[in-house]
A.B. asks: 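Encoded as structure tokens, here's the structure I'll be asking about.
So that the names make sense, note that chain A is the first sequence line, chain B the second, and so on, each numbered from 1.
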2 protein chains.
Amino acid sequence: MTASTEAPRRTRIQQEKRELILEAALEVFSANGFRGSTIDQIAEAAGMSKPNLLYYFRRKEDIHETLMERLLETWLAPLRELDDIGDPMTELRSYIRRKLEMARDFPRESRLFANEILQGAPRIMPLLAGELKTLVDEKASVIKGWMRAGKIARTDPWHLIFSIWATTQHYADFDVQVRAVLGPNRGGDGRFEDAARFLEQLFLDGLKPKG
Amino acid sequence: MTASTEAPRRTRIQQEKRELILEAALEVFSANGFRGSTIDQIAEAAGMSKPNLLYYFRRKEDIHETLMERLLETWLAPLRELDDIGDPMTELRSYIRRKLEMARDFPRESRLFANEILQGAPRIMPLLAGELKTLVDEKASVIKGWMRAGKIARTDPWHLIFSIWATTQHYADFDVQVRAVLGPNRGGDGRFEDAARFLEQLFLDGLKPKG
DNA sequence: CTAACGTTTGTCCAATCGGTCAAAATTTGC
DNA sequence: GCAAATTTTGACCGATTGGACAAACGTTAG
């Protein structure tokens with residue numbers, strides 16, 4: 001085993017405080033972006049002084065890097081679960097549902113990711129072209145199989161995955177706009193159920209009238 | 001007419017230089033966000049010194065504000081064109097096509113807008129809840145009419161509009177990711193045509209297999 | 001108790017930021 | 001061609017930033 005893969009030995013306090021800092025950093029980074037966030041803001045959100053925070057993470061970038069590494073795993077989990085064994089249409093439907101639930105329950109993670117991509121993904125470009133591409137290609141193959149078997153309509157699997165990402169993450173990344181447009185009545189907690197119903201119909205039947 | 005609506009008298013040089021600055025600012029802001037961009041960066045991109053730039057726009061925020069005002073008009077133009085007079089399915093299809101063309105031809109504008117919304121839309125919140133909501137509500141009524149007439153499937157018009165925004169703008173805002181995942185072959189110039197074909201099929205028929 | 005180790009803090013620093021200002025250079029109106 | 005107005009520049013300022021550092025404080029094992 002190489003030195004770089006060894007987990008550093010850490011005290012109980014170090015583990016706890018590092019978690020505290022990462023939680024605070026997620027809050028701050030996702031709201032202001034990397035360059036828009038200051039170490040002071042994160043330190044205050046974590047309830048400690050700036051030098052104290054820098055004792056646990058030596059550089060601002062280290063916090064962001066750690067955050068992004070963790071994020072990517074949980075973020076891609078739903079796609080990893082997309083499996084060949086179930087009914088294709090059901091599999092896709094539950095993938096969409098899971099992604100929408102993540103947008104609802106982890107909007108900060110979604111925004112942090114969106115921020116990074118928007119700025120050209122300077123810190124995670126290798127991951128996108130490597131691990132992410134591999135995973136998507138793999139799942140695209142699964143979907144292609146479903147198409148060949150006549151289980152779902154023939155179309156482009158990659159763009160299908162993009163469209164699922166786009167439509168679901170929209171409810172986290174553009175939440176302010178969604179709520180502003182829906183207004184006080186329909187923009188409340190029910191908006192995610194409305195979105196779920198709409199997306200299910202869209203991906204199942206499209207807009208062509210029945211009959 | 002109130003004083004605030006009067007266009008300030010400007011010399012030829014002022015008009016030209018202001019345009020130059022706004023173009024440079026669009027480049028810088030869309031790549032780095034508001035707080036991530038510096039006046040020096042914009043000045044350099046515009047080929048002038050910082051004090052010179054500040055002679056035309058007294059504050060950094062003034063540049064951003066002017067940019068956002070202009071942007072919103074052109075950005076909403078496609079939706080304004082969505083008209084009751086044509087065939088509903090054709091109207092929607094060309095709206096999607098127009099939005100996708102904007103993502104292809106004006107990605108910086110899309111990213112600037114995305115950046116603003118992601119940060120909570122601090123500078124354009126009133127516009128979202130006012131002008132934008134009014135426009136969307138209006139077009140939602142048009143779409144509702146189409147549904148009542150049986151021209152398109154019954155579903156939620158607001159979320160339909162969101163899904164069109166999300167899927168099309170995705171190709172501008174997440175362009176880096178799209179190209180990374182598609183790879184060198186399919187991530188080239190043809191990706192927008194592939195996306196157009198896919199989206200047309202998605203919004204028309206969904207994924208349910210034919211027959 | 002105490003020495004070693006881990007944690008926290010106050011102070012400080014160089015770099016960068018948005019923005020000012022007066023003076024110099026240039027353009028424009030007559 | 002010249003005076004007035006406009007444009008450009010270099011020098012500068014206070015505030016904020018990421019980060020360094022040594023000293024003080026706390027904890028823990030023997």
A.B. asks: Please tabulate, for the side chains in residues 125-139 of chain B, all donor-acceptor contacts under 3.5 angstrom to protein atoms that are two or more places apart in sequence or on a different chain.
C.D. replies:
| unit_1 | atom_1 | unit_2 | atom_2 | d |
| --- | --- | --- | --- | --- |
| B/E131 | OE2 | B/R80 | NH2 | 3.2 |
| B/K133 | NZ | A/V181 | O | 3.3 |
| B/K133 | NZ | B/D137 | OD2 | 2.8 |
| B/T134 | OG1 | B/G130 | O | 2.8 |
| B/D137 | OD1 | B/W158 | NE1 | 2.8 |
| B/K139 | NZ | B/R80 | O | 3.1 |
| B/K139 | NZ | B/L82 | O | 2.8 |

A.B. asks: Extract all donor-acceptor atom pairs below 3.5 Å that involve side chains of residues 113-123 of chain A and protein atoms in other chains or at least two apart in sequence.
C.D. replies:
| unit_1 | atom_1 | unit_2 | atom_2 | d |
| --- | --- | --- | --- | --- |
| A/N115 | OD1 | B/Q119 | NE2 | 3.4 |
| A/E116 | OE2 | A/R123 | N | 2.9 |
| A/Q119 | NE2 | B/N115 | OD1 | 3.4 |

A.B. asks: Residues in ring-ring contact (aromatic ring centres under 6.0 Å, His included) with A/W165, at least two apart?
C.D. replies: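 Only A/F162 meet the ring-ring contact (aromatic ring centres under 6.0 Å, His included) criterion with A/W165.
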A.B. asks: Do the numbers put B/R104 on top of the ring of B/Y171, so that NZ or CZ is under 6.0 Å from the six-membered ring centre and no more than 45° off the axis?
C.D. replies: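 Cation-pi check for B/R104 and B/Y171: fails.
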A.B. asks: Start at the 5' end of DNA chain D and walk down; is the nucleotide closest to B/R35 or to B/K17 reached first?
C.D. replies: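 So the residue in question is B/K17.
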A.B. asks: Does C/dT8 have OP1 or OP2 under 4.0 Å away from a side-chain N or O of A/Y55?
C.D. replies: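 For A/Y55, the contact criterion (side-chain N or O under 4.0 Å from OP1 or OP2 of C/dT8) is not met.
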A.B. asks: Taking only the side-chain heavy atoms of B/R59 (C-beta and beyond), determine which of C/dG18, C/dG19, D/dG19 contains the nearest atom.
C.D. replies: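 Closest nucleotide among those given: C/dG19.
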A.B. asks: NA contact type, A/Y56, heavy-atom cut-off 4.0 Å: base, sugar-phosphate, or nothing?
C.D. replies: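 Touches sugar-phosphate only.
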A.B. asks: Using heavy atoms and a sub-4.0 Å distance, could you list which residues of residues 19-33 of chain A are near DNA chain D? By number, please.
C.D. replies: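 Close to the strand, none.
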A.B. asks: What integer distance in Å separates A/Q15:CD from C/dT7:C1'?
C.D. replies: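 Rounding to the nearest Å, CD of A/Q15 and C1' of C/dT7 are 16 Å apart.
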A.B. asks: Within this structure, what is the CG-to-P distance between B/L54 and D/dT7, rounded to whole angstrom?
C.D. replies: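 From B/L54 CG to D/dT7 P: 15 Å.
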A.B. asks: What pairs with A/E23 under side-chain hydrogen bond (donor to acceptor under 3.5 Å, both in side chains), at least two apart in sequence or on another chain?
C.D. replies: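 Expected list: A/R108.
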A.B. asks: Show me, pair by pair, the donor-acceptor contacts under 3.5 angstrom made by side chains of residues 43-52 of chain A, not counting sequence neighbours?
C.D. replies:
| unit_1 | atom_1 | unit_2 | atom_2 | d |
| --- | --- | --- | --- | --- |
| A/S49 | OG | A/N52 | N | 3.3 |

A.B. asks: For A/E81, check side-chain hydrogen bond (donor to acceptor under 3.5 Å, both in side chains) against everything at least two apart and list the hits.
C.D. replies: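 In terms of side-chain hydrogen bond (donor to acceptor under 3.5 Å, both in side chains), with neighbours along the sequence ignored, A/E81 is linked to A/R98.
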A.B. asks: Quickly work out the B/E16 CD to C/dT27 C1' distance and round it to whole Å.
C.D. replies: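 B/E16 atom CD is separated from C/dT27 atom C1' by 13 Å.
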A.B. asks: Listed in order of residue number, which residues of residues 39-53 of chain B have a non-hydrogen atom at under 4.0 Å from DNA chain D?
C.D. replies: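 Nucleic-acid contacts, sorted: B/S49, B/P51, B/N52.
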A.B. asks: Identify whether NZ of Lys or CZ of Arg in A/R93 sits under 6.0 Å from the centre of the six-membered ring of A/F203 and within 45° of that ring's axis.
C.D. replies: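 Judged by the rule, A/R93 and A/F203 form no cation-pi pair.
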A.B. asks: Tell me: CZ of A/F57 to P of C/dT8, nearest whole Å?
C.D. replies: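 Going from CZ in A/F57 over to P in C/dT8 covers 14 Å.
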A.B. asks: Which pairs of donor and acceptor atoms, one on a side chain in residues 62-69 of chain A, lie under 3.5 Å apart (sequence neighbours left out)?
C.D. replies:
| unit_1 | atom_1 | unit_2 | atom_2 | d |
| --- | --- | --- | --- | --- |
| A/D62 | OD1 | A/R59 | NH2 | 3.1 |
| A/D62 | OD2 | A/R59 | N | 3.4 |
| A/T66 | OG1 | A/D62 | O | 2.8 |

